[in-house]
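One structure below.
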2 protein chains.
Amino acid sequence: MSGGTKGLIAAEARRQFMAAGYAATSVRGVAGAAGIDPALVIRHFGSKEQLFLETVDVEGPFAPALEGPLSGMGERLVALVLDERMSNVLRTPYRAMIRATDSVAVRERLVAAMEATLARPLAARLDGPDATLRAHLVAAQVGGLLEALVTLEDPAVVDADPADVARYYGAAVSTLLTPPPG
Amino acid sequence: MSGGTKGLIAAEARRQFMAAGYAATSVRGVAGAAGIDPALVIRHFGSKEQLFLETVDVEGPFAPALEGPLSGMGERLVALVLDERMSNVLRTPYRAMIRATDSVAVRERLVAAMEATLARPLAARLDGPDATLRAHLVAAQVGGLLEALVTLEDPAVVDADPADVARYYGAAVSTLLTPPPG
DNA sequence: GTCTATACTGCGATAGAC
DNA sequence: GTCTATCGCAGTATAGAC
């Protein structure tokens with residue numbers, strides 16, 4: 001992924017996919033910016049879809065939040081999502097991938113990434129019944145926050161005080177972390 | 001929206017956008033299925049984007065869940081989202097619109113629809129501080145469930161017992177409906 | 001073995017003739 | 001109002017030059 005032409009194409013493609021999204025990024029535009037021929041992109045990656053899959057991926061940065069006590073984990077997870085410094089590894093690729101979920105490969109990749117970095121390690125930490133389902137529902141909540149914040153840019157959430165969001169939404173997430181009563 | 005050629009185009013466009021999504025639906029394909037010329041579609045609607053905006057919309061069917069007591073409202077909201085009978089008014093157009101959020105007009109439309117049918121009426125029902133923010137965070141939770149269920153088709157959620165999902169996720173939603181302690 | 005040149009098909013959109 | 005012709009751009013495949 002480094003020095004060669006293929007690495008150059010990959011770097012440029014990643015930049016454009018993240019900045020402009022899948023539809024608005026063209027194979028020809030990537031080739032032009034990389035100073036090579038469009039056909040070469042296909043030669044190296046097979047298709048535009050494959051180029052996307054090989055250059056854009058989320059690396060759920062949830063590990064720090066999943067360590068430590070269950071108490072407060074909801075707030076820690078939400079704070080990570082809100083952390084601007086996680087934009088390049090979480091928010092931006094998440095948005096790009098959501099908007100490209102016409103492709104089954106893309107959505108399977110996204111589901112797998114969220115499961116591997118969030119749902120599965122979280123399920124291992126949960127007590128009580130239906131730990132797997134509850135962990136996946138936590139992932140759904142995290143996805144919902146990302147959607148409101150990054151995909152839809154809902155002003156009511158974007159302009160809110162992050163501390164308030166972390167407190168309220170974190171409390172709601174925590175509901176699924178503790179075993180249900182009864 | 002009925003008899004004329006424009007209505008015929010609209011009906012066919014709606015069908016294809018909902019079934020195949022924005023990118024996979026072509027103006028030419030809609031025209032072909034409607035038995036008319038592609039140029040007519042643009043003549044009547046101006047652009048493919050405008051055609052989408054005028055034919056696809058979510059009608060949040062949340063009103064029934066928002067009536068009645070706050071107690072149990074979370075479960076009622078989630079049950080509505082899970083209700084297969086709401087597919088044509090909620091799930092399917094929601095997925096189509098999410099996947100078309102490259103367009104600012106589409107995402108503004110979706111945010112507005114969720115606010116008008118869910119966040120705003122809900123905020124009016126909430127006690128305690130930050131009612132508006134909490135209502136929008138509920139909308140984010142609902143969006144997260146729709147995303148997992150419909151956009152990403154996460155098997156862990158799709159294949160789960162809807163009663164379990166309503167119970168767990170509904171409880172998490174309810175956390176935001178009751179005034180925070182302290 | 002890389003890369004370029006060229007071409008094929010289908011797209012959204014426009015201009016102008018019936 | 002409707003269709004014809006056409007434009008520019010997209011993704012992709014192939015042939016062959018270095």
Side-chain angles (χ1 to χ4, degrees), chain A residues 1-57 96-97 99-109, chain B residues 1-57 96-97 99-109:
Chain A
M1 191 72 86
S2 60
T5 303
K6 182 166 182 177
L8 205 151
I9 296 170
E12 185 56 37
R14 180 178 167 80
R15 221 178 46 77
Q16 295 200 21
F17 279 135
M18 301 261 270
Y22 184 84
T25 297
S26 74
V27 170
R28 293 169 128 93
V30 170
I36 51 95
D37 193 273
L40 200 53
V41 177
I42 301 298
R43 249 293 198 284
H44 276 298
F45 292 91
S47 69
K48 180 182 175 182
E49 181 185 8
Q50 200 58 35
L51 175 64
F52 182 85
L53 283 167
E54 293 192 25
T55 56
V56 177
D57 206 0
M97 293 182 82
R99 289 182 180 163
T101 48
D102 273 319
S103 151
V104 282
V106 170
R107 65 173 176 261
E108 283 171 357
R109 177 75 81 78
Chain B
M1 191 72 86
S2 59
T5 302
K6 183 166 181 177
L8 204 151
I9 296 170
E12 185 57 36
R14 179 178 166 80
R15 221 179 45 78
Q16 295 199 20
F17 279 135
M18 301 259 270
Y22 184 83
T25 297
S26 74
V27 169
R28 293 165 131 94
V30 169
I36 50 95
D37 193 272
L40 257 187
V41 177
I42 302 297
R43 258 289 195 282
H44 275 299
F45 291 91
S47 70
K48 181 183 174 181
E49 182 187 8
Q50 199 59 35
L51 175 64
F52 182 85
L53 284 167
E54 293 192 25
T55 56
V56 178
D57 205 1
M97 291 182 83
R99 289 182 181 164
T101 49
D102 273 319
S103 151
V104 282
V106 169
R107 64 173 176 261
E108 284 173 356
R109 177 76 78 80

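Heavy-atom basis, side chains included; hydrogens, waters and symmetry copies ignored. Remember, predicted model here, so these are calculated numbers, not experimental data. Lettering follows sequence order; numbering is per chain, from 1.
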Against the side chain of V27(B), the closest entry in dC3(C), dC3(D), dG12(C) is dG12(C)

dist H44(B):NE2 -> T5(B):OG1 (nearest 0.5 Å) comes out at 5.5 Å

Rounded to the nearest 0.5 Å, the CE atom of M97(A) sits from the CG atom of D57(A) at a distance of 5.0 Å

Within the structure, does a side-chain N or O atom of [X] lie under 4.0 Å from either OP1 or OP2 of [N]?
X	N	result
H44(B)	dT2(D)	yes
S26(A)	dC9(D)	no
T5(B)	dT2(D)	yes

Between the base of dG16(C) and the side chain of R43(B), is one N or O donor paired with an acceptor at under 3.5 angstrom? yes

Is a donor-acceptor contact shorter than 3.5 angstrom present between the side chain of R28(B) and the base of dG12(C)?
yes

Could you tell me how far apart [X] ([atom1]) and [N] ([atom2]) are, to the nearest whole angstrom?
X	N	atom1	atom2	result
I9(B)	dG1(D)	CD1	P	12 Å
K48(A)	dC9(D)	NZ	C1'	12 Å
L51(A)	dT12(D)	CG	C1'	13 Å
Q16(A)	dG11(D)	CD	P	11 Å
I42(A)	dA7(C)	CD1	P	19 Å
F45(B)	dA13(C)	CZ	P	13 Å
L40(B)	dA5(D)	CG	P	16 Å

What one should report as the nearest heavy-atom pair of A96(B) and F52(B) is O-CZ, 3.8 Å

side-chain contact (heavy atoms from CB on, under 4.5 Å) assessment of K6(A) paired with E54(A): CA-CA 11 Å; K6(A) 182 166 182 177; E54(A) 293 192 25; 4.3 Å; yes

Query raised in the report: Is a donor on one side and an acceptor on the other found under 3.5 Å between the side chain of R99(B) and the backbone of G21(B)?
Result: no

Of D37(A) and Y22(B), the one whose closest nucleotide on DNA chain C sits nearer the 5' end is D37(A)

